[in-house]
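Worksheet: one structure, shown below.
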Amino acid sequence: MERRLIVTWAEAAAKHASLREINDPAGVVATVAGLDGVWAQGADAGAVRAELLEVLIDWAALKIEHGDDDIPSIDGVSLYATR
């Protein structure tokens with residue numbers, strides 16, 4: 001699978017992120033509903049969004065490498081040819 005497609009999917013997924021401020025340590029946590037185990041932490045919204053994009057790319061690539069077929073389509077972007 002082309003990395004470019006995974007990046008496109010990750011960018012779409014990142015647009016659906018929920019950000020939450022935390023106090024210990026101070027910063028921001030980002031999650032995406034429906035993507036179990038995907039989260040990122042950063043000092044501010046910009047940092048956490050950048051980290052989340054990398055997490056999404058790595059998460060999807062690892063699931064594909066392991067043969068998982070449960071990565072959801074997001075905003076019309078699917079990582080599977082038959083979906």
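Numbers for residues simply follow the sequence, beginning at 1. When reading the values below, keep in mind they use all heavy atoms of this one structure, side chains included, and skip hydrogens, waters and symmetry mates. Nothing here was measured: the structure is a model prediction, and the numbers come from that model.
With hydrophobic clusters built from ILVMFWY side chains whose heavy atoms lie under 4.5 angstrom apart, Ile74 shares a cluster with Val38. By the criterion of side-chain heavy atoms lying less than 4.5 angstrom apart, applied directly or through intervening Ile, Leu, Val, Met, Phe, Trp or Tyr residues, Val48 is not grouped with Ile57; the two fall into different hydrophobic clusters. Under a hydrophobic-cluster definition in which Ile, Leu, Val, Met, Phe, Trp and Tyr are linked whenever side-chain heavy atoms come within less than 4.5 Å, directly or via other members, Leu79 and Leu52 are assigned to the same cluster. Under the 4.5 Å side-chain heavy-atom criterion for Ile, Leu, Val, Met, Phe, Trp and Tyr, Leu56 and Val29 are members of distinct hydrophobic clusters.
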What side-chain donor-acceptor pairs closer than 3.5 Å can you find for residues 6-22, not counting sequence neighbours?
unit_1	atom_1	unit_2	atom_2	d
Thr8	OG1	Arg4	O	3.0
Trp9	NE1	Pro72	O	2.9
His16	NE2	Asp75	OD1	3.0
His16	NE2	Asp75	OD2	3.0

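Between Ile71 and Leu35 there is no side-chain heavy-atom pair separated by less than 4.5 Å. Inter-residue side-chain proximity for Arg49 and Val28 is flagged as unmet; no heavy-atom pair is nearer than 4.5 Å. Taking the side chain as every heavy atom from C-beta outward, Val55 and Trp39 never approach each other to under 4.5 Å. Looking at heavy atoms from C-beta onward, Asp68 lies out of side-chain contact with Leu62 at the 4.5 angstrom threshold.
A distance-only check finds no donor-acceptor pair linking the side chain of Asn23 to the backbone of Ala26 [under 3.5 Å].
Glu51 and Gln41 get closest at one heavy-atom pair: CG-O, 4.1 Å. Closest heavy-atom contact between Gly42 and Ala47: CA-CB, 4.3 Å.
Between Lys63 and Asp70 there is a salt bridge, since a side-chain N of the basic residue sits under 4.0 Å from a carboxylate O of the acidic one.
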